[in-house]
Amino acid sequence: MPALARNADGDELLFIHDSDGELFCDFGHLSYREGDYILLPRGTMWRLETKTRTVTLLIEATNGAYKLPERGLLGPHAVFDPAVLDTPKLDDQFRTQANEREWKVEVKRRGALSTITYPFNPLDAVGWKGNLSALRLNWRDIRPVMSHRYHIPPSVHATFVADRFVICTFVPRPIESDPGALKVPFFHSNDDYDEAIFYHAGEFFSRDNIRPGMMTWHPNGFTHGPHPKAFAAGAKATRTMTDEVAVMIDARDPLDMAEAAEGTEDRSYADSWKAR
Ligand SMILES: [Fe+2]
């Protein structure tokens, strides 16, 4: 039986790591590709239709909602023009996927799943009004802020904010060019946040042992900074651009690792700061 998802616990954010396909939801249809964020408001029924396997990062704002960050002095068109936000359309593809077959909706509430069965496809809206919608944003539309003299803290790369965490996107940008500027991230112990980073594409300029599709997790209080080889490469300043694309989740509350993830953990990660 075809199935839809609905998260009643909070907003959801997908980041498409690989592949492309079609999203169908209460608000209509949109096509997605790698590098897209898709924001789904709490309670949205949705499904992905894809010819090949889609790999995504799913970030849930449990008991909360996503907002765009305040841009302050940078103005409302930083760091992307709000006009690039794409919304689903009630188009022919949406209309033709509606049918009278039996569909089920898997609803998540307080972490538990319940199933609602319909004798038809409930994605059958004929119109909607208002400013609540699913949204699509590709990292290629993000225009990063940087300084040639000053390594700007990562908060400038904030893309979405929720009640107790923030999502930042690192996109290709020039590396600081001033001879006295720090060209790699500060050494720090993130005393206010747990940091999780998902590596999407490119070469990660502060890491020398990370490949696309991997995640790092630096718990609050874990002192870290550039890896030795990356620090040496940064100091030489032979590169003028970084081509990394990564998604960072900075959470006020401590993160826990799920059982399924424990089997994939690289337990030697902390050793990667040792000079080799
Ligand atoms: Fe960090």
Side-chain angles (χ1 to χ4, degrees), residues 13 15 17 37 57-61 66 69-70 79 139 142 144-176 180-237 239 241-258 261-262 264-276:
L13 186 69
F15 179 79
H17 175 56
Y37 282 107
L57 177 69
L58 170 61
I59 310 164
E60 300 178 37
Y66 288 110
E70 290 290 328
V79 291
W139 70 259
I142 295 175
V145 174
M146 58 86 59
S147 160
H148 70 295
R149 295 192 65 194
Y150 169 55
H151 187 83
I152 299 179
S155 48
V156 78
H157 304 298
T159 312
F160 299 101
V161 292
D163 291 343
R164 301 283 294 167
F165 65 96
V166 59
I167 294 174
C168 301
T169 316
F170 299 108
V171 299
R173 59 195 183 279
I175 291 174
E176 293 77 358
L182 183 66
K183 298 178 176 62
V184 285
F186 320 114
F187 286 93
H188 59 282
S189 57
N190 49 296
D191 294 318
D192 297 313
Y193 294 90
D194 265 20
E195 295 177 5
I197 303 184
F198 176 78
Y199 299 87
H200 172 57
E203 192 180 317
F204 304 106
F205 79 126
S206 65
R207 303 275 180 269
D208 61 26
N209 51 358
I210 296 292
R211 294 180 301 284
M214 294 173 84
M215 278 192 93
T216 56
W217 173 27
H218 299 158
N220 185 323
F222 174 71
T223 308
H224 63 281
H227 285 143
K229 274 192 210 162
F231 186 77
K236 279 187 210 146
R239 295 173 60 192
M241 284 286 290
T242 164
D243 66 352
E244 68 178 1
V245 182
V247 175
M248 179 168 76
I249 304 153
D250 268 6
R252 282 278 188 193
D253 300 310
L255 301 174
D256 291 316
M257 196 188 291
E262 275 174 12
T264 66
E265 185 182 359
D266 175 1
R267 293 183 181 274
S268 65
Y269 177 61
D271 297 331
S272 60
W273 276 273
K274 292 178 182 169
R276 281 162 288 162

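One-based numbering, in listed order, for ligands and for the atoms of each. Predicted model, so just to flag it, every value in this text is computed and none were measured.
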So, [X] side chain and [Y] main chain: donor-acceptor pair closer than 3.5 Å or not?
{"X": "Ser189", "Y": "Asp191", "answer": "no"}
{"X": "Asp194", "Y": "Asn220", "answer": "yes"}
{"X": "Trp139", "Y": "Ala246", "answer": "no"}

Aromatic plane relationship, His218 with His224 - under 30° parallel, 30 to 60° tilted, over 60° perpendicular: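 Ring orientation of His224 relative to His218: tilted.
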Arg252 to Tyr193 six-membered ring, cation-pi geometry met (6.0 Å, 45°):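 Ring-cation test returns yes.
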Total protein N, O or S atoms, the Fe ion (ligand 1), separation less than 2.8 Å: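 My tally for this metal is 4.
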Aromatic centroids of Phe170 and His200 separated by under 6.0 Å: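 No, they do not, as the ring centres are separated by 6.0 Å or more.
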